[in-house]
There are 2 protein chains.
Amino acid sequence: MSSSPLACATCPVRDRAACAALDGAERADLARFGRHRLLSPGETLFAAGEDNDRCATLVRGALKISASDADGTERILSLVHPAGFVGELFAPLARFDVVALTHSEVCLFSRREYEAAVERYPALARALLRRSSEDLFGARSLMAMVGRHSARERVGAFLLAMAEAASDSPCHPAARFDLPLSRAEMAGLLGLTIETVSRQVSALEKSGAIRRRGLRGIELVDAAQLGN
Amino acid sequence: MSSSPLACATCPVRDRAACAALDGAERADLARFGRHRLLSPGETLFAAGEDNDRCATLVRGALKISASDADGTERILSLVHPAGFVGELFAPLARFDVVALTHSEVCLFSRREYEAAVERYPALARALLRRSSEDLFGARSLMAMVGRHSARERVGAFLLAMAEAASDSPCHPAARFDLPLSRAEMAGLLGLTIETVSRQVSALEKSGAIRRRGLRGIELVDAAQLGN
DNA sequence: CGAGGCCTTGACAATAGTCAATAATGGTGG
DNA sequence: CCACCATTATTGACTATTGTCAAGGCCTCG
């Protein structure tokens with residue numbers, strides 16, 4: 001763990017995160033009780049069941065929000081990208097795990113102080129509402145995707161989504177990118193087993209839709225095949 | 001369709017809906033541009049793809065939020081209970097269908113006017129944020145449930161959830177209740193087929209967990225069996 | 001009373017899961 | 001820098017669960 005004061009001036013998500021809705025003085029106020037923190041891959045930011053006393057904005061990297069059964073199998077409920085907000089403002093206990101997928105940076109806040117800021121600054125409340133609505137849409141879209149599709153379709157759609165997330169230009173998938181998730185994590189996200197994910201990736205390579213570049217690298221050859 | 005002015009004074013959800021955060025004058029302001037509307041079972045409130053110019057609070061009854069594939073199979077993404085809010089404030093087009101499951105009553109608002117009220121009344125923004133956060137939690141819980149459980153467990157958990165929703169006392173499932181969903185809707189919600197749902201309900205009856213009372217009626221005999 | 005829509009049940013097929021062995025990768029320490 | 005080890009991924013054989021197709025029953029509403 002590492003922690004230091006905020007540096008909003010150089011923040012890469014300063015125009016997109018919830019705090020972008022604040023003006024200079026308000027943002028400075030919020031910055032006073034936030035801490036910057038670095039996370040290593042696999043490091044847990046929040047753990048289900050623990051006291052829910054913090055929240056955070058993701059600045060760089062990627063997080064997962066997940067739930068684990070009694071038997072230890074993990075179900076990934078959401079991926080968090082930069083500018084995303086994590087933490088449940090109204091629950092006494094954290095109900096899901098939040099874990100870094102890659103080296104990541106967050107702005108960490110005390111939940112109590114953040115909630116006070118939400119009361120004080122209506123623009124912050126509205127910005128969070130907007131973000132929460134988008135997360136809700138994302139959760140429902142994922143549910144619609146996982147619900148009624150074959151393993152092949154899920155893996156294909158996931159690869160396409162990751163290619164789009166990896167690209168700088170919106171709506172144009174990157175031709176080549178590295179998966180930020182292990183097979184186990186892909187399986188947890190898509191509601192499949194590791195073996196099935198592996199087989200489907202192999203099948204997609206055999207059918208010429210993609211090429212693998214090492215374990216995590218993916219090269220799109222025929223993106224259209226991923227969509228069906 | 002039926003439509004008439006609001007009657008907040010006698011509204012059964014006036015203490016729990018988003019508008020409960022407003023004081024008398026503010027609520028009266030909101031009420032001026034809301035309309036009361038009755039929905040019959042199966043009636044569509046909002047349709048995916050159409051202009052997203054309205055939003056609503058559910059007063060009585062039950063709604064479903066769903067998405068339909070190209071081939072027409074429906075995936076239910078959420079059930080909406082009284083005091084729930086439906087509508088996406090920040091999207092230009094509606095992205096999901098919202099349909100009444102039972103005879104229902106909603107307060108219907110123009111999205112533009114509702115958004116203006118959210119700007120004007122910070123308490124409304126915070127109340128919607130709270131509700132949106134809860135919906136997000138609900139969506140993720142459903143995803144966690146559907147993700148890694150057998151057909152039997154899904155149906156059992158669903159029946160238990162419905163029994164709890166049907167009960168007045170919280171955390172005590174009703175011993176007897178009517179399902180507000182058809183088999184097709186249950187299948188769409190749980191990510192199964194109609195046949196599988198039917199078989200699992202039959203199996204739960206054979207194993208003594210429940211008894212069926214007509215097509216939609218369920219009597220809990222051994223609720224513990226539903227949880228495993 | 002008849003018709004149509006749900007629901008149930010059965011037989012079979014297909015998809016994904018389980019168990020198990022092997023291969024590849026990446027990190028660590030000599 | 002290389003070798004070894006632990007972790008992760010791939011592949012195969014087999015099983016089990018669920019989906020598909022089809023037929024028949026039940027209830028509800030005209």
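Reminder, nothing fancy here: chain letters follow the sequence lines and each chain counts from 1.
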Give a yes or no answer on whether the side chain of Arg216(A) reaches the backbone of Leu179(A) with a donor-acceptor pair at less than 3.5 Å. yes

In whole angstroms, how far is the C1' atom of dT8(C) from the CG atom of Leu179(B)? 15 Å

To the nearest angstrom, how far is Leu204(B) atom CG from dT9(C) atom P? 13 Å

Considering just the side-chain nitrogens and oxygens of Arg148(B), establish if one lies under 4.0 Å of OP1 or OP2 belonging to dG17(C). no

Among dT9(C), dT10(D), dA9(D), the one nearest any side-chain atom of Arg212(A) is dT10(D)

Presence of Thr196(A) side-chain N/O under 4.0 Å of dG17(C) phosphate oxygens OP1/OP2: yes

Atom CE of Met186(B) and atom C1' of dT8(C): how far apart are they, to the nearest Å? 13 Å

Identify, between Ser202(A) and Gly191(B), the residue whose nearest nucleotide on DNA chain D lies closer to the 5' end. Ser202(A)

Whole angstroms only, please: what is the CG-P distance between Leu190(A) and dG17(C)? 11 Å

Round to a whole Å and report the spacing from CD1 of Ile194(A) to C1' of dT25(C). 15 Å

Using a distance-only criterion (donor-acceptor N/O pair, under 3.5 Å, no hydrogens), is the base of dG12(D) paired with the side chain of Arg199(A)? yes

What is the distance, to the nearest angstrom, from the CD atom on Glu74(B) to the P atom on dC6(C)? 12 Å

Whether Phe109(A) and Phe33(A) hold their rings parallel, tilted or perpendicular, with breakpoints at 30° and 60°: perpendicular

Heavy atoms of Leu181(A) and Glu185(A) approach each other most closely as CA-OE1, 3.3 Å

Does any donor-acceptor pair link the side chain of Glu195(B) with the base of dC7(C) at a separation under 3.5 Å? no

Are Phe137(B) and Phe90(A) close enough, and set up right, to give a ring pair (Phe, Tyr, Trp, His ring centres under 6.0 Å), and what steps lead you there? CA-CA 11 Å; Phe137(B) 174 70; Phe90(A) 305 103; over 10 Å; no

Determine the contact category for Arg154(B): base if any of its heavy atoms lies under 4.0 Å from a base atom, sugar-phosphate if only primed atoms, P, OP1 or OP2 are that close, otherwise nothing. nothing

Under 4.0 angstrom between Ser198(B) side-chain N/O and dT9(C) OP1 or OP2: no

Rounded distance (Å) that lies between atom C1' of dG19(D) and atom CD of Gln200(B): 13 Å

Closest to side chain of Arg183(B), choosing from dG10(C), dC7(C), dT11(D): dC7(C)

Are Glu88(B) and Arg140(A) within salt-bridge range, i.e. N to O under 4.0 Å? no

OP1 or OP2 of dG17(C) less than 4.0 angstrom from a side-chain nitrogen or oxygen of Thr193(A), does that happen here? yes

Arg213(B) CZ to dC27(D) C1': how many Å, rounded? 17 Å

